[in-house]
Number of protein chains: 2
Amino acid sequence: MASITAATETTHTSGDAAARIRAAAEALFAKHGFDAVSLNAIAERAGVSKANIFHHFKSKHDLYLTVVRTACENSAERLQGLSGESGAFAQRLETYAHGMLADMLGHGEVSRLILRELLSNGEQRGQEFAEKVFGENFARLVATLRHAQTRGELRSDADPAMIAALLIGANVFFFEARAVLRHFPDVAFARDPKLYSRMLADILLRGVLEKPTTKNPADK
Amino acid sequence: MASITAATETTHTSGDAAARIRAAAEALFAKHGFDAVSLNAIAERAGVSKANIFHHFKSKHDLYLTVVRTACENSAERLQGLSGESGAFAQRLETYAHGMLADMLGHGEVSRLILRELLSNGEQRGQEFAEKVFGENFARLVATLRHAQTRGELRSDADPAMIAALLIGANVFFFEARAVLRHFPDVAFARDPKLYSRMLADILLRGVLEKPTTKNPADK
DNA sequence: GTCTATACAGGGATAGAC
DNA sequence: GTCTATCCCTGTATAGAC
């Protein structure tokens, strides 16, 4: 949004400093958290003086809030783009799950920032933004699942919220435990998010119990 | 371990200060994270002087490591106690899932400490301890599931590691998102971990697809 | 808008009396 | 073992020149 103003910016590089500060702050905050990052570090990485940060932002807190807010907004926007798929429900589910996981992995630093904020309890920081992304994403997924339920694509006695919890939880798990899982040689999906999403969809759809499955009884 | 030495401790309260420091540190570190907690705050809460902390611990870092290590050890020990259940597989699964969730909720601060550490990437801190608990817990669950699989209680083509990921992920999700979920009036399980565990087991076992289920076809 | 210089508070850690 | 007093450094934030 508001990218039209960039047209006349050829002669000077004004406004650039603020952007560099934001970028540096995002990277460092995401990696180490709010308290572990000093303005000295941010200034150095952004190539500006420490005082310059205070010219663009009221305080360290203000800078942090800006970073978290835009990170959350961007994340929410990206996740929203995953909704409009078509096709069989099974395929849609897997596509959505993998899209979300791929987004988390592709924006790893930002994802960590949001997850950390979600874990951070009661501080006067960007927690509400993180909860907003989380909540909106969750609600949207639940709504989609509920819709599928009304069309008979889901068991009528399955709670859509529970399915959403399983899906999101599984993805967060993969994101957080990736490093640990790689130490287990017999975990097939440790380095393969696509496989993970496929297995996730499979178990979510069919369950884990051994039983005489009648495939595609009378689809739709 | 080593609680026999507590027998003769009646006259003085020596050793008490160190314990109070550990307790205060655990609470504060769990709530706010390493960097956000000052030794002043810990000393005040423990009712000792700041210098006294350095008499019992080499540094702030050392104190933190001690806290994380014991927290992880305790957590691992408790989780280990959940394994030895008997009965039908479905019931065992639900019992295990709920036991783990109840433990997380009952030791909320410590759980947050471990999760935070797991999220903290590359810092010179207790990350390895957190990964150890996580990994051991995961591996134990996978082994249990694999055993059940050999007995025909699970689909032979379902990856036990994937099931474990789903279970743990779902529990972590509940733990982290509890506060947010309560804002949604139509999420039935938001305030009911027992219900959550039941639904979790149900979906894990049976899947979400609408189909003509033949209940208990030929159990065992 | 950007810098240098500086103020001031609080951090972790130590010395030494008791 | 516990304290008071202190050291030194780094943190955030501000003042004021350019």
Side-chain angles (χ1 to χ4, degrees), chain A residues 2 5-6 8-68 116 120 123-126, chain B residues 2 5-6 8-68 116 120 123-126:
Chain A
T5 54
T8 54
E9 293 191 9
T10 43
T11 45
H12 58 355
T13 42
S14 101
D16 203 19
R20 284 207 313 277
I21 292 171
R22 276 197 300 271
E26 178 178 293
L28 292 173
F29 282 144
K31 196 160 220 138
H32 308 288
F34 179 83
D35 298 284
V37 173
S38 73
L39 293 178
N40 281 316
I42 296 175
E44 190 181 2
R45 181 171 178 135
V48 300
S49 75
K50 200 166 40 164
N52 196 0
I53 296 179
F54 287 96
H55 182 260
H56 293 285
F57 303 92
K58 285 204 313 288
S59 62
K60 182 186 181 182
H61 201 96
D62 179 42
L63 172 57
Y64 184 75
L65 270 185
T66 305
V67 167
V68 172
R116 201 194 307 252
S120 184
E123 323 284 330
Q124 240 67 324
R125 303 205 292 234
Chain B
T5 55
T8 53
E9 294 191 10
T10 43
T11 44
H12 57 357
T13 41
S14 102
D16 204 19
R20 284 207 313 278
I21 293 172
R22 276 197 300 272
E26 178 177 292
L28 291 173
F29 282 143
K31 196 159 219 138
H32 308 288
F34 179 83
D35 298 285
V37 173
S38 73
L39 292 178
N40 282 316
I42 296 175
E44 190 182 2
R45 181 172 178 134
V48 299
S49 73
K50 193 164 49 162
N52 197 0
I53 296 179
F54 287 95
H55 183 260
H56 292 285
F57 303 92
K58 285 203 314 288
S59 63
K60 181 186 181 182
H61 203 96
D62 179 42
L63 171 58
Y64 184 76
L65 270 186
T66 305
V67 167
V68 173
R116 200 195 304 256
S120 182
E123 322 285 328
Q124 241 67 327
R125 302 207 293 235

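Since this is a predicted model, take the numbers as computed values, not measurements. Atom set for the values below is all heavy atoms of this structure, side chains included, hydrogens, waters and symmetry mates excluded.
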### Task
Could you tell me whether the side chain of B:R22 reaches within less than 4.5 Å of the side chain of B:F57, counting heavy atoms only?
yes
#### Entry: B:V37 side chain near A:D35 side chain, heavy-atom distance below 4.5 Å
no
Which nucleotide sits closest to the side chain of [X]: [options]?
X	options	answer
B:F54	D:dG1, C:dT14, D:dT12	C:dT14
B:S49	D:dC3, C:dT2, C:dA13	D:dC3
B:K50	C:dC3, C:dA13, D:dG11	C:dA13
A:A51	D:dT12, D:dA15, D:dC3	D:dA15
A:K60	C:dC3, D:dC3, D:dT12	D:dT12
B:S38	C:dG11, D:dA13, C:dT4	C:dG11

Would you kindly give the [atom1]-to-[atom2] distance between [X] and [N], to the nearest whole Å?
X	N	atom1	atom2	value
A:F34	D:dG11	CZ	C1'	11 Å
B:H56	D:dC3	NE2	P	9 Å
B:H61	C:dA13	NE2	P	10 Å
B:E44	C:dG12	CD	P	14 Å

### Task
Look at the side chain of A:R116 and the backbone N and O of A:A30, then say whether any donor-acceptor pair between them is shorter than 3.5 Å.
yes
### Message
If we ignore hydrogens and angles and just use 3.5 Å, is the side chain of B:K60 paired with the main-chain N or O of B:F54 as donor and acceptor?
### Response
no
Taking OP1 and OP2 of [N], is either one under 4.0 Å from a side-chain nitrogen or oxygen of [X]?
X	N	result
A:N40	D:dT10	no
B:N52	D:dC3	yes
B:H55	D:dC3	no

